[in-house]
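Here's the structure we're looking at; comments come further down.
Start at 1 and go down the list; that is how both ligands and their atoms are numbered.
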Amino acid sequence: MIQFIDLKAQYARIQDRVEQAMLETMRGGQFIMGPAVAALERRLADYTGARHAITCASGTDALVMALMAKGVGRGDAVFTVPFTFMASAEAIATVGAIPIFVDIDPVTFNIDPVALERAVRALKAGDPTIHPLPRMDADELASLTPRGVIAVDLFGLPADYAAINAIAQQHDLFVIEDAAQSFGAKQGNSQAGALAEIACTSFFPAKPLGCYGDGGAIFCNDDELASVLRSIRVHGQGSHKYENVRLGLTGRLDTVQAAVLDVKLDIFDDEMEQRQRVAATYAAAIADHGLDVVAPTVPEGSRSAWAQYTLVAADGAARAALQQRLADRGIPTMIYYPRSLHVQQAFAPLGYRDGDFAVSEAMCERVFSLPMHPYLRDDDARSIIAAMAG
Ligand SMILES: Cc1ncc(COP(=O)(O)O)c(C=O)c1O
């Protein structure tokens with residue numbers, strides 16, 4: 001039986017080591033900020049090339065903590081995409097700021113830098129004819145301060161950071177890389193996690209590097225920012241436990257999850273290679289069968305972490321037919337994402353409408369994701385594509 005993501009196959013490979021590591025944590029008794037946490041942070045920093053890795057309780061907390069560390073709050077605006085997991089925009093609203101949505105590029109599924117530049121200009125001019133803006137009180141909109149961009153590396157492919165960082169620099173904005181799906185990806189010689197001023201990742205079990213519960217990490221090079229993030233992680237702690245110098249969270253990664261991740265990092269490079277193999281097998285089979293779908297494109301010089309292998313069907317009916325053919329053979333598929341965030345009820349107060357972000361909306365109708373994990377065999381990948389060909 002083909003799994004969408006096969007965590008059991010991975011577990012079978014690391015069972016002895018991971019159970020030993022968990023047992024040692026139990027016996028050690030340091031469940032909060034035990035030695036495995038600092039050890040993992042050193043390994044994560046080495047892996048990404050970032051100077052600091054600060055682990056935390058989830059990818060969502062990573063984003064919230066990054067925004068808090070940047071002092072983002074009421075009266076601020078942060079640009080992000082509507083075609084992503086809820087957390088990318090939710091974090092902005094959680095700290096009291098306004099998400100300004102920017103449409104995606106139809107090929108990479110990532111923020112369109114040309115649209116980003118227009119959105120920044122539109123907000124600064126208070127002119128929604130330049131780019132769709134929240135339909136909120138005009139005075140409130142005019143008083144918003146553009147602060148930063150959360151660019152998402154969707155499905156594992158890094159966004160176009162050369163363009164995004166340049167626009168941000170020109171307009172004095174910070175950039176947060178939402179690398180929740182892209183840990184292990186590369187752009188040029190840099191790893192995901194080191195492509196912007198701050199990066200946030202998730203260790204949710206289904207992510208390329210996942211733990212056995214919730215977890216996340218924040219990456220940055222700035223010493224001062226790292227120390228603020230470490231303080232926010234523990235209720236704004238100052239120089240000792242009961243000195244609180246700012247507001248914070250209970251944002252720590254459990255020691256037991258750090259111990260699990262330490263074992264999983266040992267096999268991570270191999271797993272990344274296996275994901276490349278599966279993606280290449282899919283791409284070749286799609287071309288062989290001449291399937292009427294758009295396969296993912298990885299720009300020259302980049303490597304996707306292949307959190308998802310996402311196809312674009314001709315339209316909604318074609319997608320439903322392809323998914324049905326696969327379901328008839330017991331092959332699972334998923335739709336990431338069926339609804340664009342700008343039309344989610346949670347963001348209704350922003351007043352966005354259908355039609356504001358055409359690419360995002362079209363992708364919600366047309367995309368679907370195939371099984372993708374390092375343990376998917378080539379013949380299974382080929383049989384999945386053959387099943388779609390009929
Ligand atoms: C793009 C993106 N951002 C943020 C998150 C949030 O991560 P977590 O589920 O660990 O809070 C996710 C995870 O699902 C995600 O896919």
Side-chain angles (χ1 to χ4, degrees), residues 4-5 7 40 44 53-68 78-95 99 101-102 104-105 108-111 148-159 161 164 175-185 192-193 195-196 198-219 229 232-233 249-254 257-258 260-261 264 296 304-310 334-342 344 346-347 360 363-364 367 369 372-373:
F4 191 73
I5 290 176
L7 291 177
L40 176 69
L44 291 172
I54 297 112
T55 56
C56 62
S58 69
T60 306
D61 272 10
L63 291 168
V64 169
M65 288 167 62
L67 292 167
M68 288 171 80
V78 178
F79 301 87
T80 196
V81 284
F83 190 67
T84 178
F85 183 66
M86 175 64 172
S88 314
E90 182 185 35
I92 299 166
T94 296
V95 299
F101 289 117
V102 178
I104 55 164
D105 177 285
T108 63
F109 305 115
N110 287 330
I111 196 164
V149 183
I150 297 182
V152 182
D153 302 342
L154 206 74
F155 306 142
L157 179 70
Y161 287 97
I164 297 162
V175 179
I176 296 175
E177 176 190 0
D178 182 344
Q181 302 182 8
S182 64
F183 191 83
L195 298 171
I198 310 178
C200 299
T201 198
S202 165
F203 301 130
F204 183 80
K207 295 291 191 252
L209 179 65
C211 59
Y212 291 150
D214 281 309
I218 309 160
F219 302 91
L229 285 163
I232 289 172
R233 174 165 71 176
L249 302 168
T250 304
R252 299 164 298 235
L253 179 74
D254 291 338
Q257 301 301 350
V260 169
L261 287 165
K264 289 211 191 184
S304 177
W306 296 114
Q308 304 297 340
Y309 193 88
T310 300
M334 299 290 277
I335 296 176
Y336 300 116
Y337 294 91
R339 183 179 286 189
S340 188
L341 294 185
H342 70 287
Q344 287 283 2
F347 293 118
S360 201
M363 289 305 151
C364 291
V367 292
S369 302
M372 169 48 88
H373 58 79

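Applying the 4.0 Å criterion to heavy atoms of Thr84 picks out, from ligand 1, the atoms 1 (C). Using a 4.0 Å cut-off to heavy atoms of Val152, the atoms of ligand 1 that qualify are 1 (C). Close approach of ligand 1 to Ala87 is summarised as follows: ligand atoms under 4.0 Å from at least one heavy atom of the residue are 4 (C), 5 (C), 6 (C). In summary, the atoms of ligand 1 found under 4.0 Å from a heavy atom of Ser202, numbered by their order in the structure, are 7 (O), 8 (P), 10 (O).
The shortest N or O to N or O distance between Phe85 and ligand 1 is not under 3.5 Å. Between Asp214 and ligand 1, no N or O atom pair is found at a separation short of 3.5 Å. Residue Asp178 has at least one N or O atom closer than 3.5 Å to an N or O atom of ligand 1. Residue contacts with ligand 1: Thr60 is placed with a nitrogen or oxygen under 3.5 Å of a nitrogen or oxygen of the ligand (distance criterion only).
No donor-acceptor pair under 3.5 Å is formed between the side chain of Asp214 and the backbone N or O of Ala57. Between the side chain of Asp178 and the backbone N or O of Thr201 there is no donor-acceptor pair closer than 3.5 Å. A donor-acceptor pair is defined here as one N or O able to donate and one able to accept, closer than 3.5 Å; no such pair exists between the side chain of Arg233 and the backbone of Met65. With Glu177 contributing its side chain and Ala192 its backbone, the two residues share no donor-acceptor pair below 3.5 Å.
With a 4.0 Å cut-off on non-hydrogen atoms, Ser58 touches ligand 1 through its backbone as well as its side chain.
Protein heavy atom at the shortest distance from atom 8 (P) of ligand 1 is Gly59 N, 3.5 Å. With hydrogens left out, the protein atom closest to atom 15 (C) of ligand 1 is Ala180 CB, 3.5 Å, a heavy atom.
Counting only N and O atoms by type, the side chains of Ser369 and Thr310 include a donor and acceptor under 3.5 Å apart. Side-chain N/O atoms of Asp254 and Tyr212 include no donor and acceptor closer than 3.5 Å.
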Open item on the list: Applying side-chain contact (heavy atoms from CB on, under 4.5 Å) to Leu44 and Phe203, what does each step give before you reach the verdict?
Closed with: CA-CA 12 Å; Leu44 291 172; Phe203 301 130; 3.8 Å; yes
- [ ] Check the pair Phe347, Phe101 against ring-ring contact (aromatic ring centres under 6.0 Å, His included), reporting the backbone distance first and the verdict last.
- [x] CA-CA 11 Å; Phe347 293 118; Phe101 289 117; 5.7 Å; yes
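Distances shorter than 4.0 angstrom occur between a heavy atom of Ser88 and an atom of ligand 1.
Here the shortest heavy-atom distance to atom 14 (O) of ligand 1, taken over Met86, Gln181, Lys207, belongs to Lys207.
Ring centers of Tyr309 and Phe155: at least 6.0 Å apart, outside the cut-off.
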